[in-house]
Every structure is written in structure tokens, then in C-alpha cells.
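Down below is the structure, laid out as C-alpha cells.
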Amino acid sequence: MAMGVGMSEEGMRPVTELSRTEAVAEWADLVQAVLAANQAYHRDDAPTISDADYDRMKRRLAALEAAFPDIEATMNQQSPTSMVGAAPADGFGKVAHRLRMLSLENAFSDEEVTEFDERVRRFLGLTDAVAYTAEPKIDGLSLSLRYEAGRLVQAATRGDGELGENVTENARTIRDIPQSLTNAPAVLEVRGEVYMSHADFSALNQRQAAAEEKTFANPRNAAAGSLRQLDASITASRPLRFFAYAWGEVSDPLATTQAAAIARLNTLGFQTNPLTMLCAGPEEMLAHYRRIENQRATLGYDIDGVVYKVNDLALQARLGFRSSTPRWAIAHKFPAELAWTELLGIDIQVGRTGALSPVARLQPVTVGGVVVSNATLHNENYIAGRDSKGNVIRDGKDIRVGDWVQVYRAGDVIPKVADVDLDRRKIGAEPYVFPQVCPECGSPAHREAGDSVRRCTGGLICPAQAVERLKHFVSRNAFDIEGLGAKQVELFFKDTLLPVKTPADIFTLAARDAANPLQKLKNRDGFGDVSTAKLFAAIEAKRTIPLDRLLFSLGIRHVGEVAAGLLARHYSTWSAFEAAITHATPGSPEWADLTAIDGVGAVMAQSLVEAFQNPAERAAMDALVAELQVQPVVARGAVDSPVAGKTVVFTGTLEKMTRAEAKARAEALGAKVAGSVSAKTDLVVAGPGAGSKAKDAERLGVELIDEDSWLRLIGE
DNA sequence: GTGCCTCGAGTTCC
DNA sequence: CTCGAGGCAC
């Protein structure tokens, strides 16, 4: 057991008095204790220690790491304090959102806003103006509040949109969030933004500083940190606020327009933003944007743009959603904050697919409340001014080491180099020469005509590619082996005693360790009996793997999660897939079958074929599969609708909806929409003026219905 | 064939 | 975010 468990902090020795050996010992024990507590809490749903003790342990860990910064790196073990976002390592249960919490499409210019309006009207087939609400976009964190029978029963953070964190107890401490509602629908999910005002933020930071606690970089971080306290009494002491602006599941509609729904939320007792305004069209929207922009500095809280939403909820329903954003809303972002700094150097990183990416090493500079010292330089052309023939490159900035460059944080996260100040160029600065060989393995780095990326041709020979491939292999949506993250993989890759060079090596680790009587893994720093056994068990648990995950894990270019799913559903077993790809060459029946999969084109097919023809890749795959039991893929649970799984063709003039709308609607119900009628077609929906396609349907004996019957069929 | 739209892949930082 | 693939309409 850890020394600190159950003890008061006053009873502990200050970390500064500890020797390195003592610190390491205590650190290792604490890590074990915290991990065990995590497991008890999350997996077994049976907490073994109080939240306060847990919190204390994590604080002690953080203190140890602050005093001995290299501790984690030297211990071959990831600390729970650094497992950010790593599942529920931080102590909150997960909550599945009944209705996904989506993100918004962004607009960065007036033109993009008018285009948005045009797109909306085109989709709906409307020439008349469409009305929109416009409201400030609060820079906080979004929260979904669920009320049943008028009582607050659950509060969840956005998370990845599907799964959020359960922060109910913390949300109950926020004054702007009502505990109960009167005259509310039986089920009501209210969504909005938790934020902290400027005044409250500076007061909090003063308090924190006085108490020698850590201060926050900005109000957003302060709000996020405060809401995600394991101890709700700490959240209660933090001045959090809440604006409601949307809803999830509701048993009865709140209203028929966005504006009225917001007003209703206000009546129910929620704070809604006073700058929310109804606009008749793009001109008024942009005028309101300027108005909000002008008030930005005096609002008293952070905002990062203006959100526009189609006002009519019936139109919102018709517009529907794309994969992760609604078609009926857009966020008009304020221009990103910019900062100038000196470019100290340019490094080249080699990615999983061999892509050579230039990274700027910068004189550290504060951008949007965060200190940035690295930033992406995009690609070869972006840095270059002229190509090898001396021609000026379009969009090329001619960036040289030593230059003054402008940096911003794109999407408020990823630092990018936006511009260079040629007037401040130092005399003698040389143009940057992009490497023509891989800096990691020395293989030639080729660039295909028309491609912006130069790639190392070393394949698995290149250590950088090999290790990046391994990191991908163990990543969350791939094999996801507990206790074997990116850091560990890197260490094992370099290890001389128990090297892991390919995915198959992971599955021989335990056997190789057992075969080596002298230097057992469990005797190493950072590994004990328990953690070694746990790691081996975690690896063992992933020996059985569904085909789609396996295909994604292979890291073949152009084959991501979705493509892997398509392939797995088509071939069902590894042996069928393997046989097909091995025999596929352009023109063969296997090739035709492969490219006939909806969503698989020639590029992806070629990429698969090349991977299978490469001896090193093939050997690595064969060795891996020999270690595994690959599960055939179970067919995806179909959407429950009368047209699910059917192939539908729309033809003629549709009168109640546009073609795009009909397609989107049908797809949302699980149907596949095709352009031409064939034997595979299940249903043809014909409007007036339908011609050859209706005849094709008759000829092929495909069911033919009119638009009204279609609408009845799908229940509208 | 061209010009949209949409989505997926790949990349980056803290 | 940016780029490119894939698919569709014209």
C-alpha cells in the first residue's frame, strides 16, 4: 500500500525533503494504488477509498512529479496524472448521450456565412429568405442536463459527443442550473455552456495564488478544471455560470422556432444569452456579428464567435445532419489571435505513412493564453519560395530559419505558422532546403506529382515509420491494449532485451520473457510482479479481435476506421479478405469485387494491394495473424425502419422535398440511395416527369411508388 | 469532363 | 485544419 493512503497531507513529508530513491519508491506505490482505485471505481463500480483520499493521492503524485520531473520517463510506466483523456482515469463515470452532442461547422469570413445561407436555401429548395437566430458563442465547456419529471437527474459533459462524463453532483452546485423545473416536459435535456466571468476568474486566481495553489491560464481552463473536480465541494466554491442554448431529448416539443424555444428555456428558469437575436437573413446576421464583436471586450466573459441557427424548427428537421454537424447551424468565428516570434529552426518529423512534416521550433510566445514553442509548417511548398526550376510557388512563403513569423492557433488548438515578415529578414538567411532523403533512415523521400507531401520510401525499414505504425496499432480505436500506450511501445521498440519491432512481437512478449531466466521484465524499474502480470493479461485479452479492428490496426494508407468497417463487412473473415487482396490486380474479378464496395475506390484498392505485395509488410501481417483469433464481423445492427437496407432511386420532379433532402432523409433511415435503376434496386420513387428510370423499374419488376406513398412509407 | 458536396485520413499541440 | 478520394449532377 502506498505510504500516503489514508493519511492527512500534513502527516506527509514535504516532497522537497525526499531523496530521489525515496521519491521513486513512493511514486511507484502511489501509481499502483491510484490505478487499483481507478479500477475498483470504474470497472467494479465499488470504490475502495473515499474521493478525498483519492484526490489526495493524485495531488501527492503531482507534487512528486513536480519535484522530480524526470520520474515518469525513467520508470517505464505512465503516471495516472499524465493519462489525460485516457478513458476514465480521472474518476468520473461515463454517460452515453441519448442524442449525440454535435459540433458546429465553422465560418471564418462573411462570404462563408452568405454561402451557408445559400446552401440552406438550396437544400430546402427555397428562394424566399430564411430567418436565423444569432447569438454569442460562449467560450466555456458544453454540458447536457437531463430533467425527468422536472427534476435534474443527470449532468454530462460533451466528451466525444457520444460518451460524456457524469458530473451531476458538480452541476448541482452551479447556481444558474435549476434543481427542479415546473411546467417542463416529462423528459427534457437542456444543453448549454458552463463558463466563468472575467471578474470571477481573476478573483479565483488571486485566491489560488494566495493559497499557493496553481492558477489558471484562462477562464475556459478555470471553468473546465472547476467542473471536473472529483470533490463537488470544490466545484461549489468556484463561481461557475451557465447559459442554455439548445436541447437534446424532449418528450414534448419546446416550441416551433429556435427563438421561441430559447424563450421557453428562459421561462423555465435558465439563463439565456441576452444578445440572442432573430435575423431575417445574412445581412442582419452579419450586422449582429459586428455588434457582438464590438461589445466583446465589455461583455465580462469570453466568447469566440457568433452562432447562427435556422429559426424554424421544422426546417431544421428537414435539413438534418451530416456525419458530425447539423446542416442548419454554423459558428462564425472571430479572427484568431496572432503573435510574431522568431523561427529558431525547422525539424522534420516522419509519420506513420512516411510523410515528412516540417515543424517550426519557435522562440516561445503566448498565443491566445497558451505558450507555443512548436508549430506546423504544413508542407514543403509552404516553406519554399521557388521550386528547383526557379519558378515562384503558389502559396509558398519562402520561410527561412531566423525569420520573424506569425503564429496562430487554428481551431484554437493547433499552432500554425501563418506568415513571415520579409522586411525583418536577417542578412545572409539562406532558403530552407527540404530534405530529399528521410532524416530518420536515409531512404529516398519521394513526392508524387500533384501531391503536396514528400514521403520516406523506407517502409518498415524506417524506424520512425515502424514505431509510428506500432503506436497506431495500440491506439484507442485499434488494439487498445491496457498498459501499452504510445510511450511504452516506444520503449519496447528501443529495448534490446525484449524488443517489439512489429505488432506480432507484442504477442510473443510473455513467452520471450518466460524463456529468459535472467532479466525478467518484472524485475525492471517501473515493472513489478503485478504490473507485468497485468500487462501480459491485457495483451492476452486482445488475442481475440474483430476483423474490422484488425484491418484498421494494420495502418494501411487510406484504410481508416470506416473503410476498415466496410471491408470487414464485405469479406467477413480474414482468410476471405486475404485471398481477395492477394489475387486482386486491376482487371481481375477480385479487383472488380473490391472496388464495387460502396466507398472503396481505385486508390484504396491499390493501397491494399501494394501492402500485400510488399514482402516485409506481408511477413509482418502473417506473423501477426498467426498469433490471433480473428473474429468474423457481425453484421451491423440495422436502423429500425421500413426502408432500412433497401436501395432506393429517386427520379422525376420531387414536389415536397429537394433531391438532396430526399437522399439525406432516406440515408438517415438506413436506405442506400442510388442514381440509376438496376436489378439491385429495391424501390423507385418517381415524381411527375419520370422517364427512362420508371420504365427500367417496370422492366426489372422493381417496386415503383410516387412521392406521397414514399412519405407515408417513412411515416411523414 | 467539370464542378460541386461530403467524408475520411493524416497531421499537428497542450 | 488541410488535402484528397469518392460520388453525383449537369
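Order of the sequence lines fixes the chain letters, A, B, ..., with proteins taken first and strands second; residue numbering starts at 1 for each chain. Bear in mind that the values here come from a model prediction, so they are computed numbers and not experimental data.
Whole-Å rounding puts the A/M604 CE to B/dG10 C1' distance at 14 Å. The separation between A/R454 atom CZ and B/dT11 atom P is 16 Å, rounded to whole Å. As a whole-Å value, the separation of A/R557 CZ from C/dC3 C1' is 11 Å. Rounded to whole Å, atom P of C/dC1 lies 7 Å from atom NZ of A/K333. Counting to the nearest Å, the P atom of B/dG10 and the NZ atom of A/K471 are 16 Å from each other. Note: CD (A/E105) to P (C/dT2) measures 13 Å, nearest angstrom. Rounded to whole angstrom, the span from the CD atom of A/Q349 across to the P atom of B/dT11 amounts to 10 Å. Going from atom CG of A/L608 over to atom C1' of B/dA9 covers 14 Å, rounded to whole Å.
Of the side-chain N and O atoms in A/R352, one or more sit less than 4.0 angstrom from OP1 or OP2 of B/dG10. Between A/S357 and the phosphate of B/dT12, there is a side-chain N or O to OP1/OP2 separation shorter than 4.0 Å. Checking the phosphate oxygens (OP1, OP2) of B/dT6, a side-chain nitrogen or oxygen of A/R327 falls inside 4.0 Å. Side-chain nitrogen and oxygen atoms of A/N374 include none within less than 4.0 Å of the OP1 or OP2 phosphate oxygen of B/dT12. Taking side-chain N and O atoms only, A/T595 has no distance below 4.0 Å to OP1 or OP2 of C/dG6.
Side-chain contact between A/L356 and A/Q349 is absent, with no heavy atoms from C-beta onward closer than 4.5 Å. Residues A/Y195 and A/R220 fail the side-chain proximity criterion, which asks for heavy atoms closer than 4.5 Å.
In the set C/dG6, B/dT12, B/dG10, B/dT12 carries the atom at the smallest distance from any side-chain atom of A/T376. Of the candidate nucleotides B/dA9, B/dT11, C/dT2, B/dT11 has the atom nearest to the side chain of A/A355. With B/dA9, C/dG6, B/dT12 as the candidates, the nucleotide lying closest to the side chain of A/V359 is B/dT12.
A/F473 and A/F479 have their aromatic ring centers within a separation under 6.0 angstrom. Ring to ring, A/F334 and A/F108 are not that close: their centroids are 6.0 angstrom or more apart.
Within the 4.0 angstrom heavy-atom criterion, no nucleotide atom of any strand lies near A/V453.
With the nearest nucleotide of DNA chain B identified for both A/R361 and A/H558, A/H558 has the one nearer the 5' end. Both A/V371 and A/V559 lie close to DNA chain B; mapped to their nearest nucleotides by heavy-atom distance, the more 5′-ward contact belongs to A/V559.
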List the atom pairs, with distances to 0.1 Å, where a side-chain N or O of residues 545-567 of chain A and a protein N or O form a donor-acceptor pair under 3.5 Å, not counting sequence neighbours.
from	atom 1	to	atom 2	distance (Å)
A/R549	NH1	A/A478	O	2.5
A/S553	OG	A/R549	O	2.5
A/E561	OE1	A/N477	ND2	3.4

Which atom pairs link the protein and nucleotides 2-5 of chain B when you take only N or O atoms and keep those under 3.5 Å?
from	atom 1	to	atom 2	distance (Å)
B/dC5	OP1	A/R122	NH2	2.4

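The residues A/R400 and A/D398 are annotated as salt-bridged, a charged nitrogen and a carboxylate oxygen being separated by less than 4.0 angstrom. The existence of a salt bridge linking A/E468 and A/K471 is confirmed by a sub-4.0 Å separation between a basic side-chain nitrogen and an acidic carboxylate oxygen.
Looking at residues two or more places apart in sequence or on another chain, you find a ring-ring contact (aromatic ring centres under 6.0 Å, His included) between A/H378 and A/Y382.
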